[in-house]
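What follows is a set of notes on a single structure, which appears directly below.
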Amino acid sequence: MLRWLGLKVCRRSTLVFALLWFGSWVFLNGLVFVHRTILSDYCTDDKSKKILQRVCEEYREGALTGDLCEDLCVSGQVEYRRCLYYENGKKVIEALWRGTPVVLKSKLENFSSYESLGLLEYQDPAEELSPLDVVFYATLEIRNSLGLDISGNASLPPLWGQRLREHGRTYSRAELASLWSLLQQEEYTFLRVLQDLSRHLAKVLGSCGHFYAVEYLSAGHAWDQNIFSPEEVSAGPWTARDMVHRIALSFLDMAWRFDNDFSHRLHLCDIKPENFAIRKDLTVVAIDVDMAFFEPKMRDILEQNCTNDDDCNFFDCISKCNMKTNKCSSKRRNSNLQVICEKIFRPWFSPTLLGAKAGLPLQVDLQRAVQECVETAGGEDEEQDRAVQKRLLDLLMGLLHQGTSSEDWGEGGEDREGIHPHTALNF
């Protein structure tokens, strides 16, 4: 009997030990997985500061340069504040540059991770490229990044080309390597080329190697139905609801301008609150344009093999599957405005957020217009899309005048007439 009980206890102890060992193995492997997939990409101050220290070391070695480097690495006029985002190497850091809040960005963590300019590998170190050579190779890279045809005008956008030529000097290897690392970042290219042609894009303020600084703005947030926090913006003597109407009008203006201001329509394929910000004059600004594409590149992205319409969805940009050819249409079905109505306007102007004001005639009409906008395939029916846009514009202007009938639009905002064209950008 004692022998039988001993064997039973021994078996139970072995089973418990085996379960404990297996549980420990699962726990330890789980920790390793979390560390490699989550903690390795965790936004830490220590890691961010070390990345900037490496940038400064390479600056002192003469490998990279930029108009931000001296203040970042020598005079100490760039003050680190916090890490905002870090995933798959993309680094976004908040800092103070000479007392002004800025955001430092780079698509990849290390300068060496970017492809080097091939010409530098075969060129005599004593020789330097001329300004015209720089213009030519930068033009090719920009056009390739934006997905535009390079067979036409072989010059940079006038603004950049003129600035490069005005220097009237040759460029060092560090300058060329730094420029080349920046041009490999689609977002930098978009912002740098278009920033002086659209008030709805964040301004690039400077760069050091592969990091570039953009203006720091009050960004939207998905966790709050209000999307933007009025208290974060010192915009003027307006009520919170009045500010919403002005911001909504700026969204309309942005959608219209991205459709009409450039040689090709500009598509936004990742429309969400945190990808937009507002300036003090309540101008809406696109601050994350990694998923923004001009029409030629958009068509290449959409024209894929398919078996149903779901295969033709590229984030917020969708097309339709041709079941005869099993190819997605290269024409986008929806529009920027349609997605803005769905993801921005509908939560904003919902009865739950408006409360007692939801039953007012103009508010009811606006809710209906927003729903109509969501249901209108703006990419297929451009005439209807324009009609919906005009209706939204009229209703928002009506609400704005109803709330502040004696006030003007305010400095820096859209014109009283709302949407209007200005000089187009031709690549």
Side-chain angles (χ1 to χ4, degrees), residues 190-191 194-195 197-202 217 219-220 227-228 243-279 281-295 298 314-318 331-349 366-367 369-397 399-400 409 412-425:
F190 258 97
L191 297 179
L194 303 180
Q195 66 176 12
L197 298 158
S198 174
R199 61 172 174 257
H200 293 292
L201 290 168
L217 298 168
I227 299 177
F228 296 104
M243 291 173 67
V244 167
H245 297 147
R246 292 173 185 272
I247 296 170
L249 282 165
S250 190
F251 265 112
L252 283 183
D253 184 72
M254 181 189 69
W256 192 93
R257 291 185 184 281
F258 284 0
D259 282 350
N260 297 279
D261 269 9
F262 311 123
S263 304
H264 299 284
R265 179 168 294 178
L266 181 58
H267 298 273
L268 302 179
C269 295
D270 190 15
I271 294 177
K272 54 187 178 184
E274 51 267 42
N275 285 348
F276 298 95
I278 49 177
R279 294 196 177 100
D281 62 3
L282 301 185
T283 298
V284 172
V285 178
I287 57 174
D288 190 334
V289 291
D290 280 336
M291 300 289 286
F293 308 98
F294 281 110
E295 183 73 22
M298 186 79 264
F314 182 76
F315 296 90
D316 290 329
C317 298
I318 64 175
K331 184 176 176 61
R332 182 182 174 187
R333 290 184 65 191
N334 61 350
S335 65
N336 290 337
L337 178 62
Q338 188 177 356
V339 183
I340 288 171
C341 284
E342 179 184 357
K343 294 190 172 183
I344 307 292
F345 288 176
R346 189 156 61 178
W348 252 354
F349 303 116
L366 180 60
Q367 292 166 38
V370 168
Q371 187 59 34
E372 182 185 0
C373 174
V374 172
E375 296 171 357
T376 299
E380 294 181 331
D381 192 344
E382 294 185 10
E383 186 175 343
Q384 179 64 17
D385 189 59
R386 285 192 294 270
V388 169
Q389 195 168 35
K390 178 67 165 58
R391 179 165 169 75
L392 287 170
L393 176 65
D394 291 341
L395 288 168
L396 286 168
M397 290 296 291
L399 285 164
L400 184 64
W409 253 81
E414 285 70 25
D415 295 346
R416 186 171 289 277
E417 290 79 10
I419 298 167
H420 64 92
H422 66 69
T423 306
L425 168 66

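Between Arg265 and Glu295 there is no salt bridge, since none of the side-chain N atoms of the basic residue sits less than 4.0 Å from a carboxylate O of the acidic one. In summary, Lys272 and Asp270 engage in a salt bridge, as defined by a charged side-chain N under 4.0 Å from a carboxylate O.
Scanning all heavy atoms of the two residues, the minimum distance from Arg346 to Val374 falls at NH1-CG1, 3.8 Å. When all heavy atoms of Cys269 and Phe293 are compared, the closest pair comes out as SG-CD1, 3.9 Å. Closest approach of Leu396 and Ala248 over heavy atoms only: CD1-CB, 3.8 Å. Across every non-hydrogen atom of Asp288 and Asp290, the tightest pair is OD1-N, 3.3 Å. The two residues Thr283 and Arg199 come nearest to each other via the heavy atoms CG2-O, 3.6 Å. When all heavy atoms are compared, the tightest approach of Ala202 to Ile287 is CB-CG2, 4.2 Å.
At a threshold of 4.5 Å between non-hydrogen side-chain atoms, the residues Phe228 and Pro273 do not count as touching. Looking at Gln389 and Leu252, their side chains come closer than 4.5 Å, going by heavy atoms from C-beta outward. Within the 4.5 Å cutoff, the side chain of Asp385 has heavy atoms near those of the Leu337 side chain. Looking at heavy atoms from C-beta onward, Asn334 lies in side-chain contact with Val339 at the 4.5 angstrom threshold. Here the side chains of Cys373 and Phe345 are not in contact, with every heavy-atom distance at 4.5 Å or above. Looking at heavy atoms from C-beta onward, Met291 lies in side-chain contact with Phe314 at the 4.5 angstrom threshold. Counting heavy atoms from C-beta on, the side chains of Leu201 and Phe258 come closer than 4.5 Å. Side-chain atoms of Ile247 and Val284, non-hydrogen and from C-beta on, do get closer than 4.5 Å to each other.
Distance check: Arg391 CZ to Leu366 CG gives 9.0 Å after rounding to the nearest 0.5 Å. Taken to the nearest 0.5 Å, the SG atom of Cys341 stands 10.0 Å off from the CD1 atom of Ile271. If you take CD on Glu380 and NZ on Lys331, they are separated by 8.0 Å, rounding to the nearest 0.5 Å. In this structure, CZ on Arg386 lies 14.5 Å from CG on Leu393, to the nearest 0.5 angstrom. Note: Ser250 OG to Asp281 CG = 7.5 Å, rounded to the nearest 0.5 Å. To the nearest 0.5 angstrom, Thr376 atom OG1 is 7.0 Å from Gln338 atom CD.
A donor-acceptor contact closer than 3.5 angstrom links the side chains of His200 and Asp253. With no hydrogens or angles considered, a side-chain donor-acceptor pair links Glu375 and Gln371 at under 3.5 Å. If you check the side chains of Gln384 and Glu372, you find a donor sitting under 3.5 Å from an acceptor.
Remark: the backbone N or O of Gly379 is not paired with any side-chain donor or acceptor of Ser335 at under 3.5 angstrom. A side-chain donor-acceptor contact under 3.5 Å links Asn260 to the backbone of Trp256. At distances below 3.5 Å, at least one donor-acceptor pair connects side-chain atoms of Asn336 with backbone N or O atoms of Leu268.
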Full working for side-chain contact (heavy atoms from CB on, under 4.5 Å) between Val285 and Ile278: CA-CA 6 Å; Val285 178; Ile278 49 177; over 6 Å; no
side-chain contact (heavy atoms from CB on, under 4.5 Å) between Leu266 and Met298, intermediate numbers included: CA-CA 9 Å; Leu266 181 58; Met298 186 79 264; over 6 Å; no
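Here the options are Arg332, Lys343, Arg333, the test is salt bridge (charged side-chain N to carboxylate O under 4.0 Å, His left out), and the partner is Asp316; only Lys343 passes.
For an aromatic pair to be called close, the ring centres must be under 6.0 Å apart, and Phe276 with Phe251 satisfies this. Checked against the 6.0 Å centroid threshold, Phe190 and Phe294 count as a close aromatic pair.
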